[in-house]
Amino acid sequence: MKRHWNEIQPVDEYIVCLNGILHETDRRILTFLYQPLLGSTCFSLYMTLWAEVEENRLRSATANHYHLMNFLDKNLQDIYEARLKLEALGLLKTFIRKNGELREFVYELQSPLTPEQFFNDGMLNVFLYRKIGRSHFLRLKEFFSDDIVCTEDHTEITKDFQEVFSAGTPPIDREVMESSLLSEDKLFMSQPDRTGVPLKMEQFDFSLLESSLQGVMISKSAVTPSVKETIVKLAHLYGIEPLEMKNLLLTSVDEKDEIDIEVLRKAARDWYQLERNEKLPELIYLSQPEALRTIQSEPSTKEEELIHYLETVSPRQRLIDISGSQPSSADMQVIEGVLFQYKLPAGVVNVLIEYVMLKTDMKLTKSYVEKIASHWARKKVKTVTEAMELAKKEHRQYTEWAKNKQGPKQKVIRTEKLPDWFHEDDQAVETPSETNEELEAKRRELEERLKNRRLKRQVTNNHETNR
């Protein structure tokens with residue numbers, strides 16, 4: 001089981017640095033726009049790291065992770081997961097260097113997007129709208145904007161440099177330029193670049209999209225870098241495949257034969273709501289949300305270790321751990337469908353993966369997974385322990401569903417494997433020597449014998465009465 005201590009230890013040292021100056025406006029942006037998406041732990045971690053830098057301007061003093069654990073009153077697992085979320089939303093870059101047996105981390109804080117960039121991002125603004133609702137979203141938009149001061153009816157009387165100052169004696173250019181240069185280990189304080197959420201371009205099949213666009217009224221030059229970035233965001237946000245993206249691009253071409261990004265976003269949003277018949281998508285974490293975890297301290301038993309593992313690992317990593325290999329794209333589509341369509345938390349999906357794969361000889365059958373996922377969604381299963389208990393309770397029903405999926409001509413499997421947690425104790429799991437069908441047949445045979453015995457007794461009694 002992969003734990004955070006494989007990645008980070010309390011004694012590991014770190015320093016914090018900035019890639020530019022952060023301002024008070026950035027603090028408000030993080031508080032009101034990012035905090036609803038990331039949660040209080042991530043917000044506290046970012047602010048604590050920022051405070052450490054402020055003491056020394058562009059970089060902090062060296063500290064170890066015990067320091068962070070004490071400051072935040074959080075265990076290292078929570079801090080590690082908060083770090084990953086900050087990285088995922090483009091607020092933190094992490095670098096590592098081995099220093100003997102210890103590791104040295106560099107945490108480079110990234111500035112948040114400007115309000116204009118955030119509200120026009122096409123992904124973060126959608127997640128925020130879904131999270132806080134329309135009225136609060138509009139209130140925040142008003143908070144981060146103001147009325148334009150109109151100067152059209154005014155005459156500009158601004159003086160230029162030459163009208164106010166005289167250059168005097170010309171400076172010695174060479175001497176000035178040399179004096180202005182910084183040494184290689186120094187950095188000017190400046191406004192940093194704001195890059196937003198880091199998404200990999202290779203996550204979308206642009207080659208397939210480009211081949212599908214051949215012969216249609218869209219030139220290759222129309223797919224600019226900004227259009228490509230928008231396509232990747234929309235594909236990730238709404239789950240749009242390349243061939244469907246082609247149709248959306250065709251509806252977004254303006255009179256200049258250019259792709260209107262705003263029209264493309266609206267077309268993608270309309271497609272999603274029509275195709276999925278749902279509200280806007282929400283930000284779904286790929287591990288169990290902290291509020292839904294039942295193991296809040298260091299696990300002390302094997303059962304608690306298992307629950308803690310299922311609550312902290314991603315479904316993709318669970319697939320790798322249980323199968324010993326990288327998951328196929330088909331398997332990942334099944335898992336992503338469960339996460340986004342049925343809105344099951346990641347820890348619950350981990351239980352589902354383990355139950356289905358061990359029960360069906362390591363196969364992740366889409367229809368079977370979705371049938372159980374639909375049942376768990378209706379039962380409002382939110383925690384790992386709830387999922388385990390429901391799987392035990394409904395095992396007979398799920399077995400019948402599995403038989404229906406196999407069909408009448410499928411060979412009956414003689415033994416049935418089940419997850420360790422399925423059994424009530426922590427002893428070794430005993431594999432049943434008989435299937436449910438064999439036990440059911442023996443039960444019917446026994447009932448038939450008892451019925452025949454009762455009939456014989458009744459006949460005997462009737463004979464004795466007549467005599």
Side-chain angles (χ1 to χ4, degrees), residues 1-2 284 286-288 292-295 299 302-325 327-328 330-406 410 412-432 435-437 439:
M1 296 180 182
K2 191 176 181 181
I284 297 177
L286 295 182
S287 62
Q288 186 79 346
L292 298 177
R293 296 181 185 180
T294 54
I295 306 299
K302 287 185 177 180
E303 182 182 3
E304 287 185 353
E305 282 186 6
L306 175 60
I307 294 173
H308 178 70
Y309 165 68
L310 294 173
E311 288 179 339
T312 54
V313 74
S314 69
R316 183 179 183 276
Q317 186 61 46
R318 184 67 195 110
L319 274 175
I320 295 173
D321 292 346
I322 200 171
S323 64
S325 61
S328 66
D331 286 346
M332 286 307 301
Q333 285 179 2
V334 172
I335 297 306
E336 289 170 2
V338 171
L339 283 168
F340 288 95
Q341 183 175 353
Y342 296 99
K343 302 295 190 293
L344 292 178
V348 174
V349 174
N350 287 335
V351 177
L352 178 60
I353 290 170
E354 188 168 272
Y355 178 80
V356 170
M357 291 195 72
L358 292 182
K359 186 171 173 55
T360 58
D361 195 26
M362 304 303 286
K363 296 174 184 175
L364 205 61
T365 308
K366 184 174 184 290
S367 57
Y368 186 46
V369 170
E370 290 183 347
K371 192 161 187 177
I372 298 178
S374 176
H375 183 229
W376 289 9
R378 289 195 302 271
K379 299 288 283 186
K380 294 181 171 56
V381 178
K382 296 297 182 184
T383 67
V384 167
T385 51
E386 288 175 355
M388 289 178 172
E389 291 302 318
L390 187 58
K392 295 176 187 178
K393 181 181 176 182
E394 301 292 342
H395 174 58
R396 184 182 294 273
Q397 178 65 67
Y398 297 161
T399 300
E400 292 298 321
W401 290 350
K403 291 177 189 175
N404 294 336
K405 298 303 174 188
Q406 289 175 358
Q410 292 289 334
V412 177
I413 299 173
R414 300 292 298 175
T415 58
E416 182 185 54
K417 293 182 179 180
L418 290 169
D420 293 350
W421 51 260
F422 192 87
H423 301 268
E424 294 183 353
D425 53 26
D426 290 329
Q427 298 174 0
V429 178
E430 297 180 2
T431 303
T435 65
N436 290 335
E437 285 188 347
L439 293 173

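Note that this is a predicted model, so its numbers are computed, not measured.
To the nearest 0.5 angstrom, Gln288 atom CD is 10.0 Å from Thr312 atom OG1. Atoms CZ and CD1, from Arg316 and Ile335 in turn, are 12.0 Å apart once rounded to the nearest 0.5 Å. Here the CD1-CE distance, from Ile322 to Met362, works out to 5.0 Å after rounding to the nearest 0.5 Å. Considering OG1 of Thr383 and CG of Leu292, their distance stands at 7.5 Å, rounded to 0.5 Å. Distance CD/Glu303 to NE2/His308: 14.5 Å, rounded to 0.5 Å. Taken from OH in Tyr355 to CH2 in Trp376, the straight-line distance is 8.0 Å, to the nearest 0.5 Å.
Without hydrogens or angle criteria, Tyr398 side chain to Lys392 main chain gives no donor-acceptor distance under 3.5 Å.
A heavy-atom distance below 4.5 Å is not found between the side chains of Tyr342 and Val349. Here the side chains of Leu306 and Val384 are not in contact, with every heavy-atom distance at 4.5 Å or above. Between Thr365 and Val356, the closest side-chain pair of non-hydrogen atoms is not below 4.5 Å. Residues Pro315 and Ile353 meet the side-chain proximity criterion, which asks for heavy atoms closer than 4.5 Å. Here the side chains of Val348 and Lys382 are not in contact, with every heavy-atom distance at 4.5 Å or above.
Here the closest non-hydrogen pair linking Glu386 and Lys380 is OE1-O, 4.0 Å. Considering every non-hydrogen atom in both Val369 and Leu352, the closest pair reads CG1-CD2, 3.8 Å. Closest heavy-atom contact between Val338 and Ala373: CG1-CB, 4.0 Å.
Using modelled atom types, one finds a donor on one side chain and an acceptor on the other under 3.5 Å when comparing Thr294 with Glu311. Side chains of Ser314 and Arg318: a donor-acceptor N/O pair is absent below 3.5 angstrom, by distance only.
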(request) I would like to know whether Lys363 and Met357 meet side chain to side chain contact (heavy atoms under 4.5 Å, CB included); could you show each step before the answer? (result) CA-CA 5 Å; Lys363 296 174 184 175; Met357 291 195 72; over 6 Å; no
(request) Check the pair Met388, Ile307 against side chain to side chain contact (heavy atoms under 4.5 Å, CB included), reporting the backbone distance first and the verdict last. (result) CA-CA 10 Å; Met388 289 178 172; Ile307 294 173; 4.1 Å; yes
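Under the side chain to side chain donor-acceptor pair (under 3.5 Å) criterion, Lys366 pairs with Glu370, sequence neighbours left out.
The only option from Asn350, Val351, Leu358 that meets the side chain to side chain contact (heavy atoms under 4.5 Å, CB included) definition with Glu354 turns out to be Leu358.
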